[in-house]
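Take a look at the structure below.
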Amino acid sequence: MLAFFSPSARANDDDDELTAIKEQIHALESRVVAIEKHRHGQRVTSGKGRQSISGLTRQSSASLKKPLDPANGDGETPVEPQAEFSAGKPREPFFYFGSPQQSGGSQQAVADERSSVDLSSSSPLAITQTSVDRLPPVFSIGNISVRIGGFLELSNIWRDSNLTSGPATAWNNFPYANSPNHGLSEERLSAQLSRLSTLLEANPTPSTRLQAYIESDFGGSGGSTNSVQINGYVPRLRQGYFTFTQKDWGFHLLMGQAWSLATGYAKGVLPRNEQLPAVTDNNQIPGITFTRVPQIRIGKDWGQKYWLALSIEDPQATVAYSSTVASGDRLPAVGSNTVGPRVYYENAGGALLNPDTQYTDNPVPDIILKSAVDTSVGHYEVFGLARWFRSVIQSPGAARTHKDTQFGGGVGGGMTVPLGTPKLQLTGNVIAGEGIGRYGPTLLPDTTFNSRGQLTPVPELRGALGLIGHPDKSVLLYLYGGVETAGRRRYTAANGSQYGYGITDQNLSGCDIEFGTCNAQTRTLASFTTGGWWHFLDGQYGSVMAGVQYTYIRKFAFRGNDGMGNSVYPTTTGNTVYVTFRYLPFQ
């Protein structure tokens, strides 16, 4: 009995138990290795270099939680591939300078696998949005994984004319020579475009994906916002939507605020695949079609190659007229009438809307139908846009008002094509129609008034072409050209003067004289933009990028006269330069 409780006896029992446990662990490791080989068809090392049970378990868990792969028809995934992480990968260096390919050896391989800053796309998410899809989950809530992305940005902005504008250039506001702000340069530092995004994802079944995405920056302003004591700009909602994807059906649903379906796409028609210019300016570049609005979108894909989507969206309309007409005012009289029609077309914002902004009376949402195809020689898409504009009119001599609704819309298309090599891509978009100004960055008018007080859509043509190059994995260069032009919608009133948009009887001689009168209406804006990005720092504590953007814009007005019967065509130019630094802590 004493021998049974002796230390040597207990040690022997412990050794036997430890040996049995080790044998069980080895057996479990062999089963895990077999399951991994069967599931992924991958070689898993064993023996002396074998991973631990916890390492394999983490790798299995990561593979189960890995987002669906579009190359295998797995459903909704952004253009940029998802990053993969496993316990078997070597530990990364603290940090290193230079481009990823300059570090050399195994360090380079580790960095390439780790970094989610991929500049090889024609519209890299790390530049145009937040690249949150490439990041591993930070944590989970039940069966919902949570990814966090974003960046801190500092931009130095210079314009050769003073627009008193933050990091979004109002392209149509470059003044003519009559304004003291013409040629008066402005320079600003801004961190307003710093962004934060969160992506929540769940996969109830192997073929079903649920995602919720929210993205915000500090591009908003409130009553207490100022740049005198402190620059206290407020957060704003950029995007916030929910998506449902059923891979087996090829079905996609989006509800919330997102980039419009009219925006160009680099692949398919899925969110966070938009073909956005790789620029810093928050108002993009003249010539492209884009907006972010609340919407309900349904889509269908066939083999992740052919796409069809329908979106119901709710943007506001823009109205322009040759004279100031507030909602409730009368237009000039026409014919034998002594007064013109009274028009109501907008109201100040009410509950939860901006009271300092006028909102048009939209009868129904806009409708967009888009089809797209992804091929080995590029992405191509065509779409149609339908819009409706409503005003309330009190005709001359009438005791009551009546409602009037006018139809507008357009057709457009886009493409993203590799030019013989993945290092060079050509992108382009075009749209033509009536009442489509709201979908462009220069905000040419959607409508104007005719002689009866009806909102008449203004004809417009808009297009852009871009060349994107990748001379190095850490460098992106771009070149864009764009144009937006509007047509005429005018009439002659009883006083003999023209009214509407695109009138030609104004005296515009003052447009070239300081303090002169200039009521010129914009006919065309043409732009040229060039720039690039350099991803120069990468490591365990995030990434740093630097970018520069230059835009030249020329604005042309509709013809007027100089008061002596000679035609006058006012023009003006603008130059902008952005120098931007971004720290991406999650990349």
Side-chain angles (χ1 to χ4, degrees), residues 165-166 168 170 172-173 216-217 219-223 225 234-241 255-263 282-283 289-297 311-331 341-368 385-394 401-410 433-450 453-458 460 486 489 500-501:
S165 178
N172 199 14
N173 287 1
S216 65
D217 63 10
S221 60
T225 297
V234 299
R236 66 169 182 170
L237 177 67
R238 283 178 58 87
Q239 299 189 77
Y241 55 82
M255 294 186 294
Q257 180 164 304
W259 292 98
S260 169
L261 184 59
T263 305
N282 201 52
N283 207 19
T289 296
F290 85 106
T291 188
R292 291 189 306 271
V293 289
Q295 60 190 275
I296 300 174
R297 183 191 307 181
S311 185
I312 299 174
E313 306 184 359
D314 191 31
Q316 293 298 302
T318 56
V319 182
Y321 193 65
S322 51
S323 60
T324 302
V325 178
S327 186
D329 286 353
R330 286 191 178 273
L331 302 180
R342 189 186 302 275
V343 292
Y344 300 86
Y345 61 98
E346 61 184 10
N347 292 280
L352 296 184
L353 294 180
N354 188 347
D356 296 326
T357 298
Q358 296 292 318
Y359 292 81
T360 52
D361 183 15
N362 300 334
V364 294
D366 297 353
I367 298 177
I368 302 173
L385 167 65
R387 307 190 69 190
W388 290 265
F389 309 99
R390 183 168 64 187
S391 60
V392 178
I393 306 169
Q394 182 186 9
T401 63
H402 68 276
K403 301 179 183 65
D404 182 83
T405 301
Q406 297 293 317
F407 175 79
E434 296 184 346
I436 59 174
R438 169 63 179 82
Y439 285 83
T442 63
L443 290 183
L444 291 177
D446 290 321
T447 63
T448 188
F449 293 107
N450 64 15
Q454 298 169 314
L455 287 173
T456 303
V458 175
E460 185 176 346
R489 284 290 183 266
Y501 194 77

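Just so it is clear, the values below take in all heavy atoms, side chains as well, and ignore hydrogens, waters and symmetry mates. This one's a predicted model, so the numbers in the text were calculated from it and none came from an experiment.
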Results of side chain to side chain donor-acceptor pair (under 3.5 Å) for Arg489 - residues two or more places apart only:
Glu434
Does the Thr360 side chain pair with the main chain of Ala317, one donor and one acceptor, at a distance under 3.5 Å?
yes
Say whether Glu313 and Ser260, considering side chains only, have a donor N or O and an acceptor N or O under 3.5 Å apart.
yes
By side chain to side chain donor-acceptor pair (under 3.5 Å), Asn172 pairs with (sequence neighbours left out) Thr522
Are any of the side-chain heavy atoms of Pro457 and Phe389 separated by less than 4.5 Å?
yes
Checking Arg236 now: which residues fulfil salt bridge (Lys or Arg N to Asp or Glu O under 4.0 Å) with it, not counting sequence neighbours?
Asp217
Quick one: ring pair (Phe, Tyr, Trp, His ring centres under 6.0 Å) partners of Tyr345, sequence neighbours excluded?
Phe449
Quick one: list whatever passes ring pair (Phe, Tyr, Trp, His ring centres under 6.0 Å) with Phe290, sequence neighbours left out.
Trp259
Is Ile296 close to Tyr241 at the side-chain level, that is, under 4.5 Å between some pair of heavy atoms?
no
Under the ring pair (Phe, Tyr, Trp, His ring centres under 6.0 Å) test, which residues partner Tyr359, sequence neighbours left out?
none
Sequence neighbours left out, what passes salt bridge (Lys or Arg N to Asp or Glu O under 4.0 Å) with Arg387? Give chain and number order.
Asp366, Asp446
Please enumerate all residues that pass side chain to side chain donor-acceptor pair (under 3.5 Å) together with Thr456, with sequence neighbours excluded.
Asn450
Does the side chain of Leu455 reach to within under 4.5 Å of the side chain of Ser391, using non-hydrogen atoms?
yes
May I have all residue pairs that pass salt bridge (Lys or Arg N to Asp or Glu O under 4.0 Å) and include part of residues 344-354, sequence neighbours excluded?
none
Give a yes or no answer on whether the side chain of Gln295 reaches the backbone of Gly256 with a donor-acceptor pair at less than 3.5 Å.
no
Ignoring hydrogens and geometry, is there a side-chain-to-backbone donor-acceptor pair from Arg390 to Thr405 under 3.5 Å?
no
Can you list everything that forms a salt bridge (Lys or Arg N to Asp or Glu O under 4.0 Å) with Glu460? Sequence neighbours excluded, please.
Arg462
Residues in side chain to side chain donor-acceptor pair (under 3.5 Å) with Asn354, at least two apart?
Thr357
Of all residues at least two apart in sequence or in a different chain, which pass the salt bridge (Lys or Arg N to Asp or Glu O under 4.0 Å) check with Asp404?
none
Regarding Arg438 and Thr291, do their side chains bring together a donor and an acceptor under 3.5 Å, going by distance alone?
yes
